[in-house]
Amino acid sequence: TRTPVNVTVTGAAGQIGYALLFRIASGHLLGADTPVRLRLLEIPQAVKAAEGTAMELDDCAFPLLAGIDITDDAKTAFDGVNVALLVGARPRSKGMERGDLLSANGGIFKPQGEAINAGAADDVRVLVVGNPANTNALIAQQHAPDVPAERFTAMTRLDHNRALAQLSKKLDVSVTDIKKLTIWGNHSATQYPDLFHAEVNGTTAAAAVNDQEWLEGTFIPTVAKRGAAIIEARGLSSAASAANAALDHVHTWVNGTPEGDWTSAAVVSDGSYGVPEGLISSFPVTAKGGRYEIVQGLEIDDFSRARIDASVAELVEERDAVKALGLI
Ligand code: NAX
């Protein structure tokens with residue numbers, strides 16, 4: 001039998017945690033032949049709730065689940081970690097200024113970055129889900145200088161999957177008929193879902209849609225504001241779909257993208273497409289040999305350029321704000 005992979009989930013007692021842990025333990029993160037050992041990190045007040053979730057995990061008798069540890073200490077949680085899913089974050093409360101939100105999250109992601117730096121396994125891969133995801137990932141990455149920067153990523157796979165779903169409905173095709181879709185920029189309302197490089201059964205998706213008004217007036221805002229629409233309808237934010245996207249993100253990272261396709265992930269910029277080097281921004285990415293790589297050489301027209309630039313400008317602002325707060 002194979003040695004279990006150590007998977008740490010922060011915010012384990014939250015809604016996404018509840019949707020995520022059972023699927024990790026049943027093999028949907030790393031595959032049906034890879035045993036996992038779960039580490040759950042929570043704040044002290046939520047440790048008891050995490051223990052309840054762990055009891056239910058036990059009660060599933062998952063063959064692949066090699067053990068569960070629960071802790072409120074980041075150093076313990078990340079010791080020997082192979083896959084770190086950083087889900088727990090400080091949400092924006094009513095009347096909270098952006099600076100307060102960024103500082104509160106800096107107080108979470110700085111020590112977590114340090115703990116990853118101190119104790120993670122050599123092959124550690126980090127996915128930040130907790131918002132503001134791109135900038136939280138940047139904070140953690142900046143405090144883990146001994147870990148290759150490329151191991152820190154943030155999640156835009158949910159946005160990617162939302163875009164696939166909207167386009168497949170519009171064109172009445174299967175999601176599997178759609179290739180090379182891209183989410184650019186920040187996981188926020190400024191994100192840019194790009195249909196100009198996407199393909200549907202061999203045609204450019206934008207040409208297949210052939211409806212600029214739908215693209216600008218319906219598609220882009222529906223994808224970008226889907227999170228708010230879910231809250232409005234469900235009374236709670238996306239949880240199962242977010243957990244599903246986190247599984248997709250890591251599964252693709254480890255197992256690769258199919259030939260002739262790519263996906264979207266927020267990764268450390270190498271300066272491609274005018275995105276300042278070092279920012280954690282969403283790009284079209286392929287995965288090969290366990291690494292995400294930015295797809296190079298795409299032509300960007302003026303329509304796409306303006307939207308990518310606007311979202312990247314927001315990321316630059318967030319980075320400058322956390323710099324000014326002394327968080328990086
Ligand atoms: P919940 O509020 O249900 O759960 C968050 C959990 O994190 C809580 O149990 C809390 O005790 C824990 N937590 C807080 N600080 C912690 C710390 N320092 N260490 C460990 N645990 C800590 O939120 P949930 O609905 O699960 O969402 C989690 C995060 O995902 C939020 O920041 C949310 O905004 C973000 N999302 C990101 C998405 C993305 O696509 N990137 C989409 C879904 C989701 O909105």
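As the structure lists them, so they are numbered: ligands from 1, and atoms in each ligand from 1.
Sequence neighbours left out, the pairs with a member in residues 40-60 that pass side chain to side chain donor-acceptor pair (under 3.5 Å) are Y18-E56.
In summary, K323 and D320 do not engage in a salt bridge, as defined by a charged side-chain N under 4.0 Å from a carboxylate O.
Note: Y192 and F303 have perpendicular aromatic rings, judged against thresholds of 30 and 60 degrees for the angle between ring planes.
Judged by the 6.0 Å distance and 45° axis criteria, R307 is not positioned over the aromatic ring of W184.
Expressed to the nearest 0.5 Å, how far OG of S304 lies from NE2 of H197 amounts to 6.0 Å.
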Tabulated below should be the N or O atoms of ligand 1 paired with protein N or O atoms at under 3.5 Å; can you produce that?
from	atom 1	to	atom 2	distance (Å)
ligand 1	3 (O)	Q15	N	2.9
ligand 1	9 (O)	G14	N	3.4
ligand 1	9 (O)	E42	OE2	2.6
ligand 1	11 (O)	E42	OE1	2.7
ligand 1	21 (N)	G11	N	3.2
ligand 1	25 (O)	Q15	NE2	3.0
ligand 1	26 (O)	Q15	N	3.3
ligand 1	26 (O)	I16	N	2.9
ligand 1	32 (O)	N131	N	3.0
ligand 1	34 (O)	N131	ND2	2.8
ligand 1	36 (N)	N131	ND2	3.4
ligand 1	40 (O)	H187	NE2	3.3
ligand 1	41 (N)	V129	O	3.3
ligand 1	41 (N)	M155	O	3.4
ligand 1	41 (N)	H187	NE2	3.4

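Looking at N82, V124, D69 one by one, the single match for side-chain contact (heavy atoms from CB on, under 4.5 Å) with N6 turns out to be N82.
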